[in-house]
K.L.:
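Mind having a look at this structure? Questions to follow.
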Amino acid sequence: MKCVFVTVGTTSFDDLIACVSAHDSLQIIKCLGYNRLILQIGRGKVVPEPFSTESFTLEVYRYKDSLKEDLDKADLVISHAGAGSCLETLEKRKPLVVVVNEKLMNNHQLELAKQLHKDGHLFYCTCSTLPGLLQSMDLSTLKCFPPGQPEKFSAFLDKVVGLQK
């Protein structure tokens, strides 16, 4: 089963969950050959109805002790732009689409997503551009994130959020 895993981390990102579970997005995901969609919705108010057919399964949950199992199963990860979620996904060498929450003020998430995209590690978009990106992206162009260098990621993050020049 080809699987898409969507995570919002410990926060809520109702726009992302509504977007990815909308009929049009589900059709795109199915057309791309995925037959399983797992939504980790955090404390969000949007709670799509789980379902299972012969050709497609939608699973929904709020939290688990660890996302490791879902990340391991995933053939594609769609995530909010939280540093922890991005790093965990990239270290697992999973293709990553980061969806930036435009409603956040002082959006350091956007700078992080832009830099990691510039370095070739992920694709990023907003909720409104997600369906188009899913249809146009070429996952084979993504570069693996160098493993086991948390100090480099930490320094990079400090630079992005303005703690270091």
Side-chain angles (χ1 to χ4, degrees), residues 1-42 44-51 55-61 67 70-146 153 156-157 160-161:
M1 278 194 132
K2 276 184 75 179
C3 178
V4 178
F5 175 53
V6 179
T7 179
V8 302
T10 58
T11 183
S12 64
F13 192 176
D14 285 343
D15 290 349
L16 172 56
I17 298 302
C19 173
V20 81
S21 62
H23 178 76
D24 290 350
S25 295
L26 291 177
Q27 290 307 115
I28 292 167
I29 289 167
K30 290 176 190 175
C31 285
L32 292 171
Y34 298 98
N35 45 23
R36 186 174 184 194
L37 176 61
I38 303 172
L39 303 178
Q40 183 267 317
I41 63 169
K45 291 180 177 65
V46 173
V47 184
E49 191 65 38
F51 69 87
S55 61
F56 196 83
T57 300
L58 173 66
E59 299 173 32
V60 180
Y61 68 89
L67 300 181
D70 291 319
L71 285 170
D72 287 344
K73 287 180 202 168
D75 297 291
L76 172 66
V77 177
I78 300 172
S79 175
H80 73 125
S85 296
C86 290
L87 183 59
E88 190 173 0
T89 302
L90 292 172
E91 284 181 338
K92 293 228 176 253
R93 299 179 178 267
K94 297 293 182 170
L96 176 60
V97 173
V98 166
V99 182
V100 176
N101 188 343
E102 296 177 290
K103 293 180 178 175
L104 294 180
M105 299 300 289
N106 301 322
N107 201 341
H108 299 306
Q109 290 189 353
L110 177 59
E111 286 99 42
L112 176 64
K114 277 184 178 175
Q115 186 61 51
L116 289 169
H117 173 73
K118 185 177 157 191
D119 294 342
H121 300 302
L122 55 77
F123 294 104
Y124 78 97
C125 61
T126 61
C127 289
S128 61
T129 60
L130 177 62
L133 177 66
L134 289 174
Q135 290 176 298
S136 66
M137 67 185 179
D138 179 357
L139 297 178
S140 71
T141 63
L142 293 176
K143 299 175 189 166
C144 284
F145 189 74
F153 187 78
F156 164 73
L157 203 54
V160 166
V161 298

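Residue numbers run from 1 in the order of the sequence given. The analysis underlying the following values was restricted to heavy atoms, covering all of them including side chains, and did not include hydrogens, waters or symmetry mates.
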K.L.:
Using the side-chain hydrogen bond (donor to acceptor under 3.5 Å, both in side chains) rule, collect all pairs that involve residues 75-88, keeping only residues at least two apart or in two chains.
P.N.:
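For residues 75-88: His80-Ser85.
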K.L.:
Evaluate the side-chain contact (heavy atoms from CB on, under 4.5 Å) criterion for residues Leu96 and Phe145: first the C-alpha distance (whole Å), next the side-chain angles of each, then the deciding distance (0.1 Å), finally the verdict.
P.N.:
CA-CA 11 Å; Leu96 176 60; Phe145 189 74; over 6 Å; no
K.L.:
At their closest point, which heavy atom of Pro48 faces which heavy atom of Leu58, and how far apart are they?
P.N.:
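Scanning both residues, the minimum pair turns out to be CB-CD2, 4.2 Å.
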K.L.:
Mind checking what makes side chain to side chain donor-acceptor pair (under 3.5 Å) contact with Thr57, not counting sequence neighbours?
P.N.:
Ser52
K.L.:
With rounding to the nearest 0.5 angstrom, report the OG1 to CZ distance, Thr129 to Phe123.
P.N.:
12.5 Å
K.L.:
Should Ile78 and Val20 be marked as a side-chain contact (heavy atoms from CB on, under 4.5 Å) after you check the CA-CA gap, both sets of side-chain angles, and the distance that decides it?
P.N.:
CA-CA 9 Å; Ile78 300 172; Val20 81; 4.1 Å; yes
K.L.:
Any idea which heavy atoms bring Leu112 and Ala83 closest together, and the distance?
P.N.:
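Residues Leu112 and Ala83, closest heavy atoms: CD2-CA, 3.7 Å.
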K.L.:
Once ring pair (Phe, Tyr, Trp, His ring centres under 6.0 Å) is applied, do any residues pair with Tyr124, and if so which ones, sequence neighbours excluded?
P.N.:
His117
K.L.:
Which distance, rounded to the nearest 0.5 Å, do you find between the CG of Leu133 and the CD1 of Ile28?
P.N.:
10.0 Å
K.L.:
According to side chain to side chain donor-acceptor pair (under 3.5 Å), who are the partners of Asp14, at least two apart in sequence or on a separate chain?
P.N.:
none
K.L.:
Kindly say whether Lys2 contributes a backbone atom to a donor-acceptor pair with the side chain of Asn35 at under 3.5 angstrom?
P.N.:
yes
K.L.:
Are side-chain heavy atoms of Pro131 and Asp24 found at a separation under 4.5 Å?
P.N.:
no
K.L.:
In a table with atom names and distances, give each donor-acceptor pair under 3.5 Å that connects a side chain of residues 5-12 to protein atoms at least two apart or in another chain.
P.N.:
from: Thr7; atom 1: OG1; to: Gly9; atom 2: N; distance (Å): 3.1
from: Thr7; atom 1: OG1; to: Gln40; atom 2: OE1; distance (Å): 2.5

K.L.:
I need the Ile41 CD1 to Ser21 OG distance, nearest 0.5 Å.
P.N.:
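OG of Ser21 is found 9.5 Å from CD1 of Ile41.
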K.L.:
Roughly how far apart are Cys86 SG and His121 NE2, rounded to 0.5 Å?
P.N.:
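Between atom SG of Cys86 and atom NE2 of His121 there are 11.5 Å.
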K.L.:
What pairs with Ser25 under side chain to side chain donor-acceptor pair (under 3.5 Å), at least two apart in sequence or on another chain?
P.N.:
none
K.L.:
Before giving the answer on side-chain contact (heavy atoms from CB on, under 4.5 Å), spell out for Lys92 and Asp72 the whole-Å C-alpha distance, their side-chain angles and the decisive distance to 0.1 Å.
P.N.:
CA-CA 8 Å; Lys92 293 228 176 253; Asp72 287 344; 3.2 Å; yes
K.L.:
Going by the side chain to side chain contact (heavy atoms under 4.5 Å, CB included) test, name the single residue among Leu39, Val99, Thr126 that passes it with Leu16.
P.N.:
Val99
K.L.:
Heavy-atom distance under 4.5 Å between the side chains of Leu134 and Leu76, does that happen here?
P.N.:
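Result yes, sub-4.5 Å side-chain heavy-atom pair found.
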K.L.:
Roughly how far, to the nearest 0.5 Å, is NZ of Lys94 from SG of Cys3?
P.N.:
9.0 Å
K.L.:
State whether the number of non-hydrogen atoms from other residues, nucleotides or ligands found under 6.0 Å of Lys114 atom NZ is greater than 12.
P.N.:
no
K.L.:
Could you report the tightest heavy-atom contact between Asp138 and Ser140, atom names first, then the distance?
P.N.:
OD1-OG, 2.6 Å
K.L.:
Give, for atom OG1 of Thr141 and atom CG of Leu139, the distance between the pair rounded to the nearest 0.5 Å.
P.N.:
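Rounded to the nearest 0.5 Å, the OG1-CG separation comes out at 7.5 Å.
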